[in-house]
Each structure stands twice: as structure tokens, then as C-alpha cells.
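Data first, discussion second: the structure below is written as C-alpha cells.
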2 protein chains.
Amino acid sequence: MSRNQKLSKELVRGTTSLIVLSVLRREDLYGYQIIRTLETLSEDVFSLNEGTLYPILHSLEKEGYLTCRWEETDSARKRKYYHITEKGIRELERQKAQWEVYQGAVSKILGGAGHAFA
Amino acid sequence: MSRNQKLSKELVRGTTSLIVLSVLRREDLYGYQIIRTLETLSEDVFSLNEGTLYPILHSLEKEGYLTCRWEETDSARKRKYYHITEKGIRELERQKAQWEVYQGAVSKILGGAGHAFA
DNA sequence: ATATTATACATAGATAAACGATGTATCGTT
DNA sequence: AACGATACATCGTTTATCTATGTATAATAT
């Protein structure tokens, strides 16, 4: 039985980077803001820990999917804004396509005959 | 910011037990058959390792979601059929509902404004 | 005045789901 | 006779995410 579709495990386990890349495509955001934005957009379904997000941002940057810059605020506090690169957009599209495949497969199995909707 | 929805991590990481329970709701199957069935239903998107499935079956059985029985074949080979219990069906419905929530949240974020479909 | 919470960054050790490798044994095909 | 498919099982490794912890500033509550 051939393994033509071979879904990458990163996706199954980690929709996190997909989601992060996705919000950064809309606009540049800083770390803390990404967490709050995701909470709002997902109506509190997603609530990334800082300990989860920051390492992901670092690794996405390292791989060239994101760039970052420091920005001053009115106060002494600094914010690190992240910006998605062209390479990052391509990666986003790739992960998004895989998500569709994965999601579709789950639906296919869950929606399969054998029980009503009630 | 209240955490009213608190999505269980088991789901994010593991749709596996959801999927297994789901196919077993349709009919009793034995382990090896579950793997092949999932490959067929998902058009090769899912391809569980035996080393992944068997421990899951054991743990689902231990938790009372499944029962099992040995069946003889025409040959000397034996098959261990799994059957979903009432408790298992309730667990399935619970996990399925969570999947809908999760899936919806991802879609909401991915489908968000800011880019066309092309 | 001062304690607590929110903002804002960061890292490091623990957890646990899934993987890969390995093992046993039977059966069918080449 | 060799090999791949069937059919079960376990164990050590990997790694994404979590929890805990740390630093520091700003705002709010007691």
C-alpha cells in the first residue's frame, strides 16, 4: 500500500506555527500581542503560553520565516515586532494546504455513515 | 481574560483516539484492520503505526471505552476484535464536540481577512 | 505606601503522544 | 527458500508543548 500523501507530523501535533504565521500575515505583531490576538480571534479556544510562543518565534525567525525589530513605546517598555517574510508566506501556504488535507480527512471519518446528527 | 473554553491538549495533539473510537462506532474491528480501514477512509492521509495503535487500544480498553474478544479465523491465526462501549460512545461524542470547536477556531483564524483565495 | 496584576521579554526542566525499531508467529506468493 | 503481508506486542527515543521560573516596568487596588 503506497504512502503517497505522507502527512507531516509537525502539523498533526503542531498547528501552532501555522496559526502564528497566519496572524502575522495580517499585520506585524509583538509576542505578547500575538497571544492576546489569538485569544480574541479564536474566542478563547487558543491560549498559547508564553513559554510555548517565544521559542516558536525564535525558531521561525531562525528559519527565515520571520524578521523582527524592536520598537520603543511611550514608556520605557520595549516591544519586539515580528514580520512575516516571503519565505514565511510560502511556508504558511504549505502548512495551510496540509491542514486542509488533514482536516478533511478527519471530517471524512467523523462524518462517516453509521449515526445521525442528533 | 477568562479561560472559559479551555481546550484539552489531548485533542490538539491527539486526534488519534477520536479517530479510532469513530471507526469502531461503525463496526467491530481488529487492530490491524483499523489501520487499513483508516488508510482507506482517509485516502492515505492517516497511516497509524502499529506501535502507535496497539498501546492506544490497550489504554482505551483499560478506561472502559472498549471491550475486546478473540476470534478464530479459518487458519491458525487469531484476531482481537474491539467493540465500543456505551461509555466509549459518550467519550467519542465529547471528543468530537471538542474537535468541532478546535477545527472551527483554526478555520476562523486561517480564513480571516487579509488575503484572497487565490 | 505597598501589594498585586498586567504587560513584555526569556529560558530550562518536565510531560506525554506518537514514532521507530524490534520481536514473535502464521500465511501466501514468487 | 525467500520475501512480503498479516497480526499481535513492547520498549526506548523523539519533540512539541507545558509548567515553572526569572527579570523588569506600568497600572491598579488595598
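Proteins get letters first, then strands, A, B, ... in listed order; numbering begins at 1 in each. These numbers were taken from a predicted model, which means no experiment stands behind them.
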Exercise for the section: Determine, for A:Tyr32 and A:Arg36, whether the Lys NZ or Arg CZ falls below 6.0 Å from the six-membered ring centre while staying within 45 degrees of the axis. Expected result: yes

Exercise for the section: Look at B:Asn49 and C:dG20 and indicate whether a side-chain polar atom (N or O) is within less than 4.0 Å of OP1 or OP2. Expected result: yes

Exercise for the section: Give the rounded distance in Å between these two atoms: CG of B:Leu53 and C1' of C:dA17. Expected result: 14 Å

Practice task
May I ask you to check whether B:Thr67 and B:Glu61 show a side-chain donor-acceptor distance below 3.5 Å?
Solution key: no

Practice task
Calculate the interatomic distance between B:Arg36 atom CZ and D:dG4 atom P; express it in whole Å.
Solution key: 15 Å

Problem - Minimum-distance nucleotide (side-chain atoms of B:Ser75 versus C:dC27, C:dA6, D:dC8) - result: C:dC27

Problem - Integer-rounded Å distance: D:dT17 P and A:Ile35 CD1 - result: 13 Å

Fill in the blank from the handout: Looking only at C:dG20, D:dT17, D:dT6, the nucleotide nearest the A:Ile56 side chain is D:dT17

Handout entry: Sugar-phosphate, base or nothing in reach of A:Gly51, heavy atoms under 4.0 Å
Key = base

Handout entry: Proximal nucleotide (of D:dC8, C:dC9, C:dC19) relative to the A:Trp70 side chain
Key = C:dC9

Problem - B:Glu91 and B:Lys96 ion-paired at < 4.0 Å - result: no

Handout entry: Closest to side chain of A:Thr16, choosing from C:dT7, D:dC8, D:dT17
Key = D:dT17

Exercise for the section: Specify the separation, in whole Å, of atom OH of B:Tyr32 and atom P of C:dA25. Expected result: 18 Å

Problem - Polar contact flag, side-chain donor to acceptor under 3.5 angstrom, B:Tyr102-A:Thr15 - result: yes

Handout entry: B:His58 side-chain proximity, nearest of C:dA18, D:dA9, C:dA10
Key = D:dA9

Exercise for the section: Please determine if a side-chain N or O atom of A:Lys80 lies less than 4.0 Å away from the OP1 or OP2 oxygen of C:dA10. Expected result: yes

Exercise for the section: Let me know the distance between CG of B:Leu57 and C1' of D:dC8, rounded to the nearest Å. Expected result: 11 Å

Practice task
Please determine, for the side chain of B:Tyr54, which listed nucleotide (D:dA9, C:dT7, C:dT11) has the closest atom?
Solution key: D:dA9

Completion exercise
In this structure, OG1 of A:Thr40 is separated from CD of A:Gln33 (nearest 0.5 Å) by 10.0 Å

Handout entry: Nucleotide of D:dT19, D:dA9, C:dA18 approaching B:Glu50 most closely (side-chain heavy atoms)
Key = D:dA9

Exercise for the section: Round to a whole Å and report the spacing from CD1 of A:Ile34 to P of C:dA10. Expected result: 11 Å

Problem - Out of D:dC8, C:dA8, C:dG20, whichever nucleotide has its closest atom nearest the side chain of B:Tyr30 - result: D:dC8

Problem - Proximal nucleotide (of D:dT19, C:dG20, D:dA26) relative to the A:Arg77 side chain - result: D:dA26

Practice task
Calculate the interatomic distance between B:Glu72 atom CD and D:dC8 atom C1'; express it in whole Å.
Solution key: 14 Å

Handout entry: Nearest-Å distance for atom pair CG/P, residues A:Leu48 and D:dT17
Key = 9 Å

